[in-house]
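Model, not experiment: these values are computed from the prediction. The analysis underlying the following values was restricted to heavy atoms, covering all of them including side chains, and did not include hydrogens, waters or symmetry mates.
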Amino acid sequence: MGNKLKNIFEDEAPEMHVNVLFENKESRKNFIESMNKALDLEENVSVNGIKGFDVFFQTSQGKHLIDSEENFVEFFVSPAKEKLPDDFDTIETDYGKFTFGFFRIHKQNEIIIKNAEDSVVHIRIEISLENQSVKFSFNPNFDNAKNIEEILKNYNAIIKLFSTFLKSSEEVKKHPTYIGLCNQEDFWKKTLALQDFLQISFNPSKINEATFEEDIRDIKELYLLIVKNTPVRRDLDNINDVIVSHLHKDLKMGEELFLSFTNNIRYDIWGTSFDIYRAFFIFHAKLEAIEETPNKQEYKLKLAGTDTKPLFCVYQGFLTKKEMKDKIESTGGKKEDELYFAKTLPEIIKDF
């Protein structure tokens, strides 16, 4: 028998041990391979050939069995994950404190830091134990976002986090990853501003990867047209046909016209549909011919530009039909400088 008093006043911390019971040698080999695979994949891996396991505490006084399990339906191994301290996991952002939910995985030659699987933007930080280099990457998962504001807050937090990895603010600003993050944040700021201006709600779970690039172009254009009220130029071929329902009797061949027309267009972006009205103004349109259409109530105007005065149109966006009509009437057939010197969409986006 041991010394009972010594056992009572034992100040040595007990160690927990687990004995895995295998069906045979092959299952033991399979278990080791599965552990390595789980570490490489950084995820759970199913293992066959496990009979059970014994869990016990061990002290200087011996082993003490505390649990024993057998007859598993399925057995998994997974990499050891360790939650990061709060002083690294939580950061101050432009929108208040933000917690990432980081955990780290220890590998043979590196440490992997990742955030939770349900994060809006997945972050992966790879730290080499050989040369202390750091690799930072991010990948959005919009299905996890409740709204556009949440996406914006995530990118803002990641920018603040990434800035702590580099020595100087100048080094940060020139880094391609930082520039990419800032571009993403800027886009989601514009998206939120457009959403608020239109008084609608985009649904991030409806973002379709196949049409995402097209949606980005639409949102950038709509932001300029609706939120910033920016006129946009579109260059035309030097020979163009325009269908009109009313023909002014004083039109003369070879005369340069200033034409305007309107339309409305329906957008369907991320589960939300809405209409935008547009007014178009055509410049340098020299009248070449007038033809009747089969409709008999419409006329086709053949318009031409020249190399020195090419045809182009400028369009503006409006929320309501009244705003659009007011703009048409306010021009009164005059070539406004604001319209005439408008830039193309790529030029505006580049400058903006």
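A search for side-chain hydrogen bond (donor to acceptor under 3.5 Å, both in side chains) contacts involving N203 returns S205, not counting sequence neighbours. For the side-chain hydrogen bond (donor to acceptor under 3.5 Å, both in side chains) test, residues two or more places apart in sequence or in another chain that qualify with Y315 are E221. The side-chain hydrogen bond (donor to acceptor under 3.5 Å, both in side chains) search around S137 returns none, not counting sequence neighbours.
One finds the OG1 atom of T320 at 8.0 Å from the OH atom of Y277 (value rounded to the nearest 0.5 Å). Here the CD-NE2 distance, from E117 to H122, works out to 5.0 Å after rounding to the nearest 0.5 Å. To the nearest 0.5 Å, atom OH of residue Y223 and atom CG of residue L192 are 10.5 Å apart. Atoms CG and CG, on L198 and L222 in that order, are 7.0 Å from each other to the nearest 0.5 Å. Note: I125 CD1 to I111 CD1 = 11.5 Å, rounded to the nearest 0.5 Å. Atom CG of L236 is separated from atom CG of L311 by 6.0 Å, given to the nearest 0.5 angstrom.
Two different hydrophobic clusters hold F318 and I265 under the rule that ILVMFWY side chains link at heavy-atom gaps under 4.5 Å. In this structure, F274 is a member of the same hydrophobic cluster as L224, with clusters built from ILVMFWY side-chain heavy atoms closer than 4.5 Å.
For the side-chain contact (heavy atoms from CB on, under 4.5 Å) with F98, the qualifying choice from N154, T90, I158 is N154, the only one to do so.
D94 has a carboxylate O that lies under 4.0 Å from a charged side-chain N of K160, or vice versa, which qualifies the two as a salt bridge. At a threshold of 4.0 Å, the pair E126-R124 counts as salt-bridged, since one of the basic side-chain nitrogens sits closer than that to a carboxylate oxygen. Electrostatic pairing of R278 and D275 does not count as a salt bridge here, judged by no charged N lying under 4.0 Å from a carboxylate O. A salt bridge links K153 with E149: at least one charged nitrogen is closer than 4.0 Å to a carboxylate oxygen. With salt bridges taken as basic N to acidic carboxylate O contacts below 4.0 Å, none links D218 and K220.
Residues W188 and F142 bring their aromatic ring centres within 6.0 Å. In summary, the aromatic rings of F136 and Y178 are positioned with their centroids too far apart to meet the 6.0 Å limit.
Between L225 and I276 the shortest side-chain heavy-atom distance does not fall below 4.5 Å. Side-chain contact between H106 and R104: present, with at least one pair of heavy atoms (C-beta onward) separated by less than 4.5 Å.
The minimum heavy-atom distance between L152 and K189, with the atom names listed, is CD1-CG, 3.5 Å. Minimum heavy-atom separation, P231 to A342: O-CB, 3.8 Å.
Within a 6.0 Å sphere centred on CD of Q132, other residues, nucleotides and ligands contribute more than 12 heavy atoms. Around atom NZ of K25, no more than 12 heavy atoms belonging to other residues, nucleotides or ligands sit under 6.0 Å away. Within a 6.0 Å sphere centred on CD of E92, heavy atoms belonging to other residues, nucleotides or ligands number more than 12.
Listed for the D89 side chain is a donor-acceptor partner under 3.5 Å among the backbone atoms of F102. Side chain of Q195 to main chain of F202: a donor-acceptor pair is present (N/O by atom type, distance under 3.5 Å, no hydrogens or angles). Here the side chain of N141 pairs no donor or acceptor atom with the backbone of V121 at under 3.5 angstrom. Put simply, the side chain of T93 gets close to the backbone of Y95: a donor and an acceptor are under 3.5 Å apart. Side-chain atoms of N115 come within 3.5 Å of backbone N or O of I123 as a donor-acceptor pair.
Residues S128 and N131 bring a donor and an acceptor atom of their side chains to less than 3.5 Å of each other. With no hydrogens or angles considered, a side-chain donor-acceptor pair links T344 and E347 at under 3.5 Å.
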Report task. May I have the step-by-step check of salt bridge (Lys or Arg N to Asp or Glu O under 4.0 Å) for R217 and D215, ending in yes or no? Result -> CA-CA 5 Å; R217 288 193 297 270; D215 294 337; over 6 Å; no

Query - Stepwise ring-ring contact (aromatic ring centres under 6.0 Å, His included) test for F312 and F281 - result: CA-CA 8 Å; F312 69 91; F281 306 91; over 10 Å; no

